Amino acid sequence: MSGRILVAGASMGGLRAAEQLRAAGWTGAITVVGDEPHMPYNRPPLSKEVLAGKAPFESLAFTPKAAAADVEWRLGAKVVAARLDERTVELDDGSSLPYEGLVVATGMRPRRLPCPGPLAGRHTVRTLSDAQGLRDELIRPGARVVVVGAGFIGCEVAATAVGLGVREVTVVDPLPLPMVGPLGDMLGRVLLQRHEERGVRFALGTGVAGFEGEDRVTGVVLGDGTVLPADVVVESVGSVANVEWLDGNGLDLSDGVLTDGQLRAGGRPDVVAVGDVARFPNARYDGVPRRVEHWSIPTETAKHAAKALVAHLACKQVELAPFAPLPTFWSDQHDFRLQSFGAPVLGKDDIRILDGDPEGDVLVGYHTAGQLVGVVALGGQSAALSAARYRSQLLKQPALTA
């Protein structure tokens, strides 16, 4: 095989794509382009171990598989435009790279609050430099921290801050309970209680109207006019897919890159998308295209997309099964873990306790039309093991659309 496959994005999705292209039989050139100066690294520890000062960068870096040792890495370079009909991309240094196949792996970036006020003292947690900069502020004596957003990252950062001995940690969210979106009311109430017992404060049911301060933030103004004193603000209010560089190519970029069941973008067999940026239908469930920001998805999307792309470039007719991953996530907060398999968000109208008790370790099942579609464990190691025992059952379940 000759020619080049270009992988746009040098995070975990880009690395896994390069590895899986080799595994799928591609022997031509592979170039991975990414705007960070680092080789791919593991992001989940950023809001926990790195922020707590327990994990150096060296422990986060992935080791590429031997088969991908000849991959060219262009780091510190950003893809800014693409001409898909001409099969070229442009970089921020003005150079242009041709390709035979393109893998879109540009991921996402944190959404920022469009509120008036100073920028200094406001943080997000997405990159290594983000986590390092935030840690420097959290370890200052007497810091008062306001976390905006009670989702995964927000709750993890709040827990880490309390563990560092931060004087005041308050989580703000317009929803009535932490993590209620993905988990529902039952576990949301349990999480609220456990965080409050460990010293986290909450201001729920209200948003942020602005920030006080001259050169840097001194307070967070809530929607009801209340002002929370703040030396440090962490914005954890969702994500925005990095797709602007694909504008003008006829793709659906309304929420990431819309793909078909083989992860091909816009019906183009020479362009696939992987990781957080891909909005794909999951044949295991209802077939509705969604972006899935779980740690397992870059690897699973890369494996499937690589096979589809290499088959096209090799002019082979390969019938791949529709993409049907089993989403998996975990979240460590304080001294407990959330462990999930499946798609709990699809079964929030029928939630049942499968094992344990909300006052201790608990395993919860999520159902659609009576069918188990996801499980979430909350507690210690035994709870996580209980969830893992349901993985094979979830894999064997018939598709919801069947």
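Just so you know, residue 1 is the first one in the sequence shown, and it goes up from there. Predicted model, so just to flag it, every value in this text is computed and none were measured.
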(Q) Whether E72 and R4 form a salt bridge (side-chain N of Lys/Arg under 4.0 Å from carboxylate O of Asp/Glu) is what I want to check. (A) yes
Q) Hey, mind stepping through E49 and R135 against salt bridge (charged side-chain N to carboxylate O under 4.0 Å, His left out) and telling me if it holds? A) CA-CA 11 Å; E49 292 89 348; R135 173 174 165 76; over 6 Å; no
Q: Run the numbers on V190 and V362 for side chain to side chain contact (heavy atoms under 4.5 Å, CB included), then give the verdict.
A: CA-CA 10 Å; V190 176; V362 64; 5.6 Å; no
Q) Is a salt bridge present between K48 and D332, judged by a nitrogen-to-oxygen distance below 4.0 Å? A) no
Q | Contact summary for P325 and F280, nearest pair of heavy atoms | A | CG-CE1, 4.0 Å
Q: Check whether any side-chain heavy atom of V217 lies under 4.5 Å from a side-chain heavy atom of E212, and answer yes or no.
A: no
**Q.** Exam field: side chain Y41 to backbone T127, donor-acceptor pair closer than 3.5 Å
**A.** no
Q: State, with a plain yes or no, whether a side-chain heavy atom of V89 is found less than 4.5 Å away from one of V80.
A: no
Q. Taking T160 for the side chain and E156 for the main chain, is one N or O donor matched with an acceptor at less than 3.5 Å?
A. yes
(Q) Around atom CG of D136, are there more than 12 heavy atoms from other residues, nucleotides or ligands closer than 6.0 Å? (A) yes
Q: Hey, could you give me the CG/CZ distance between L102 and R87, rounded to the nearest 0.5 Å?
A: 11.0 Å
Q. Would you call I153 and V157 a side-chain contact if the rule is heavy atoms closer than 4.5 Å?
A. yes
Q | Polar side-chain atom of D231 near backbone of R144 as donor-acceptor pair, under 3.5 Å | A | yes
Q. Below 4.0 angstrom, N of the basic side chain to O of the carboxylate: do D361 and R194 qualify?
A. no
Q.
Just verifying a value: how many Å separate L164 CG and R140 CZ, rounded to the nearest 0.5 Å?
A. 14.0 Å
**Q.** Validation row: P298, V274 side chains within 4.5 angstrom (heavy atoms)
**A.** no
Q | Beyond-backbone contact of T124 with S236, side-chain heavy atoms, under 4.5 angstrom | A | no
Q | Backbone of L222 reached by a side-chain donor or acceptor of T226 within 3.5 Å | A | no
Q. For the ring-ring contact (aromatic ring centres under 6.0 Å, His included) test, which of F336, W295, F152 pairs with W330?
A. W295
Q: Verify the neighbour count for atom NZ of K348: are there more than 12 heavy atoms of other residues, nucleotides or ligands below 6.0 Å?
A: yes
Q: Run the numbers on R109 and E244 for salt bridge (charged side-chain N to carboxylate O under 4.0 Å, His left out), then give the verdict.
A: CA-CA 12 Å; R109 62 186 182 274; E244 293 83 358; 2.7 Å; yes
Q.
Any side-chain to backbone donor/acceptor pair from Q262 onto L320? Under 3.5 Å, distance only.
A. yes
Q) V166 and I139: side chain to side chain contact (heavy atoms under 4.5 Å, CB included), yes or no, with the steps? A) CA-CA 7 Å; V166 172; I139 60 178; over 6 Å; no
Q. Tell me, do V375 and L394 make a side-chain contact under 4.5 Å, heavy atoms counted?
A. yes
Q) Take atom CD in E197; do more than 12 heavy atoms of anything else shown fall under 6.0 Å from it? A) yes
(Q) Using the rule side chain to side chain contact (heavy atoms under 4.5 Å, CB included), only one of E300, R391, Q397 pairs with L326; which is it? (A) R391
Q | Heavy-atom pair of closest approach, residues L91 and A77 | A | CD1-CB, 4.3 Å
Q. Which is it for Y390 and F341 under the ring pair (Phe, Tyr, Trp, His ring centres under 6.0 Å) test, yes or no, and what are the steps along the way?
A. CA-CA 8 Å; Y390 278 84; F341 296 94; 9.7 Å; no
Q.
Looking at R268 and D85, is any side-chain nitrogen of the basic one under 4.0 Å from a carboxylate oxygen of the acidic one?
A. yes
Q) Are the side chain of N42 and the backbone N or O of L60 linked by a donor-acceptor pair below 3.5 Å? A) no
**Q.** Residue pair A377 / L363: nearest heavy atoms and the distance that separates them
**A.** CB-CD1, 3.9 Å
**Q.** Side-chain touch V233/V148, heavy atoms, less than 4.5 angstrom
**A.** yes
Q. Can you say whether the rings of F202 and H195 are parallel (under 30°), tilted (30 to 60°) or perpendicular (over 60°)?
A. perpendicular
Q.
If I compare all heavy atoms of E19 with all of P64, which pair ends up nearest, and what's the gap?
A. OE2-CA, 3.5 Å
Q | Electrostatic pair R122-E235, nearest N-O below 4.0 angstrom | A | yes
Q | T259-R264 side chain donor-acceptor pair, cut-off 3.5 Å | A | no
Q. Does the side chain of S239 come under 3.5 Å of the side chain of E293 through a donor N or O and an acceptor N or O?
A. yes
Q) Would E196 and R189 pass as an ion pair if we require N to O under 4.0 Å? A) no
Q: Starting at NE2 of H294, measure out to OG of S340 and round the result to the nearest 0.5 Å.
A: 6.5 Å
Q.
Could you check whether R22 pairs with D70 (Lys NZ or Arg NE/NH1/NH2 to Asp/Glu carboxylate O, under 4.0 Å)?
A. yes
Q.
Regarding D93 and R74, does a basic nitrogen lie under 4.0 Å from an acidic carboxylate oxygen?
A. yes
(Q) Whether D350 and R352 form a salt bridge (side-chain N of Lys/Arg under 4.0 Å from carboxylate O of Asp/Glu) is what I want to check. (A) yes
Q | Distance in Å, M108 CE paired with D276 CG, rounded so as to fall on 0.5 Å steps | A | 6.0 Å
Q: Would you check if the side chain of D173 reaches a backbone N or O of A150 as a donor-acceptor pair within less than 3.5 Å?
A: yes
Q.
Restricting to non-hydrogen atoms, name the atom on D224 and the atom on T206 that form the minimum distance, rounded to 0.1 Å.
A. N-OG1, 3.9 Å
Q. Is the backbone N or O of A120 less than 3.5 Å from a side-chain atom of R216, with the two atoms forming a donor-acceptor pair by type?
A. no
Q) Is the shortest heavy-atom distance from the side chain of L46 to the side chain of L51 under 4.5 Å? A) no
Q.
Measuring from atom CG of N242 to atom OG1 of T106, what distance do you get when rounded to the nearest 0.5 angstrom?
A. 5.5 Å
Q) Looking only at heavy atoms, which two atoms of P344 and P182 are closest? And how far apart? A) CB-O, 3.8 Å
Q) Checking E137 side chain against V145 main chain: does a donor-acceptor pair fall under 3.5 Å? A) no
Q: Show the numbers, then the answer: is there a side chain to side chain contact (heavy atoms under 4.5 Å, CB included) between V103 and L6?
A: CA-CA 6 Å; V103 179; L6 178 71; over 6 Å; no
Q: Starting at CG of D35, measure out to CG of L75 and round the result to the nearest 0.5 Å.
A: 9.5 Å
Q: Step by step, work out the side chain to side chain contact (heavy atoms under 4.5 Å, CB included) result for T368 and Y285.
A: CA-CA 10 Å; T368 297; Y285 301 113; over 6 Å; no
Q. Between H304 (side chain) and A321 (backbone), is there a donor-acceptor pair under 3.5 Å?
A. yes
(Q) Using the side-chain hydrogen bond (donor to acceptor under 3.5 Å, both in side chains) definition, which of the options R290, R291, R279 pairs with D255? (A) R291
